[in-house]
Amino acid sequence: LPGQIIDIEPLGARLADEKTKALFKSDDLELMRLVLRAGQSLPPHKVPGDITIQCTEGVLEIDVDGHANLLHAGQLLYLRGGALHAVTAVEASSALVTVALKR
């Protein structure tokens, strides 16, 4: 709910037991915590709105339009809406993913 505090600290020892989940969604914005085990991936996909991926722990490989980027804990990547991208966990990782929803 608006005004409610959401804990976004790294999961640490709980990482192995957590799953990806939505933290909130409004008409214009969605925030989710992405959790991937080492080697686990999301296949190439697109979303209509702009997105940010903020790695909170671990290392993620983000392939954007055929170009691989390593995203480490404490780093953020911005992608324009419609960019074809895939995500692979180089090691067990979590990230905050923000999606601007287009109506």
Side-chain angles (χ1 to χ4, degrees):
L1 298 173
Q4 182 180 15
I5 295 174
I6 300 171
D7 181 11
I8 58 168
E9 290 184 335
L11 296 166
R14 297 177 299 146
L15 183 61
D17 299 321
E18 291 291 327
K19 295 182 180 183
T20 295
K21 66 179 174 183
L23 300 177
F24 78 82
K25 185 174 183 178
S26 68
D27 290 340
D28 300 312
L29 191 66
E30 180 176 11
L31 175 67
M32 65 189 83
R33 183 191 298 262
L34 175 67
V35 177
L36 296 173
R37 313 293 177 256
Q40 191 176 12
S41 62
L42 299 176
H45 62 284
K46 297 178 184 182
V47 294
D50 293 349
I51 68 171
T52 62
I53 304 169
Q54 179 183 351
C55 186
T56 53
E57 57 195 321
V59 179
L60 296 169
E61 181 178 291
I62 314 294
D63 186 290
V64 183
D65 294 324
H67 178 72
N69 301 280
L70 285 181
L71 192 63
H72 297 266
Q75 294 181 318
L76 180 136
L77 180 67
Y78 160 73
L79 301 174
R80 289 195 181 274
L84 182 65
H85 62 283
V87 180
T88 301
V90 175
E91 56 188 58
S93 302
S94 70
L96 296 175
V97 179
T98 305
V99 181
L101 302 173
K102 298 222 176 184
R103 295 182 198 175

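Note that the structure is predicted; figures quoted are calculated from it, not measured.
Hydrophobic cluster membership of Val90, counting Ile, Leu, Val, Met, Phe, Trp and Tyr whose side-chain heavy atoms lie under 4.5 Å apart directly or via other members: Val59, Leu70. The hydrophobic cluster around Leu96 extends to Ile6, Ile8, Leu23, Phe24, Leu29, Leu31, counting ILVMFWY residues whose side-chain heavy atoms fall within less than 4.5 Å of a member. Hydrophobic cluster membership for Tyr78: none, as no Ile, Leu, Val, Met, Phe, Trp or Tyr side chain comes under 4.5 Å of it.
Within the structure, the ring-ring contact (aromatic ring centres under 6.0 Å, His included) test picks out the following pairs touching residues 27-66 (sequence neighbours left out): His45-His85.
The OG1 atom of Thr98 sits 9.0 Å away from atom CD1 of Ile51, with the distance rounded to the nearest 0.5 Å. Between the NE2 atom of His72 and the CD atom of Glu91 there is a distance of 8.5 Å, given to the nearest 0.5 Å. Here the CG-CG distance, from Leu71 to Leu76, works out to 7.5 Å after rounding to the nearest 0.5 Å. With rounding to the nearest 0.5 angstrom, the CD atom of Glu18 is 8.5 Å from the CZ atom of Arg37.
Minimum heavy-atom separation, Cys55 to Ala95: CA-CB, 4.0 Å. Between Pro43 and Ala86, the shortest heavy-atom distance links the atoms C-CB, 4.0 Å.
With sequence neighbours excluded, no residue satisfies side chain to side chain contact (heavy atoms under 4.5 Å, CB included) with Ala38. Considering only residues two or more places apart in sequence or on other chains, Lys25 meets the side chain to side chain contact (heavy atoms under 4.5 Å, CB included) condition with Glu30, Leu101. Applying the side chain to side chain contact (heavy atoms under 4.5 Å, CB included) rule to Ser94 yields the partners Leu11, Leu15, Arg33, Val35, Thr56, Glu57; only residues at least two apart in sequence or on another chain are considered. Not counting sequence neighbours, Ile5 has no partner by the side chain to side chain contact (heavy atoms under 4.5 Å, CB included) test.
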Contacts table for residues 60-68: side-chain donor-acceptor under 3.5 angstrom, sequence neighbours left out:
from: Asp63; atom 1: OD1; to: Gly66; atom 2: N; distance (Å): 3.1
from: Asp65; atom 1: OD1; to: Leu84; atom 2: N; distance (Å): 3.4

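Looking only at side-chain heavy atoms (C-beta outward), Leu34 and Leu42 come within less than 4.5 Å of each other.
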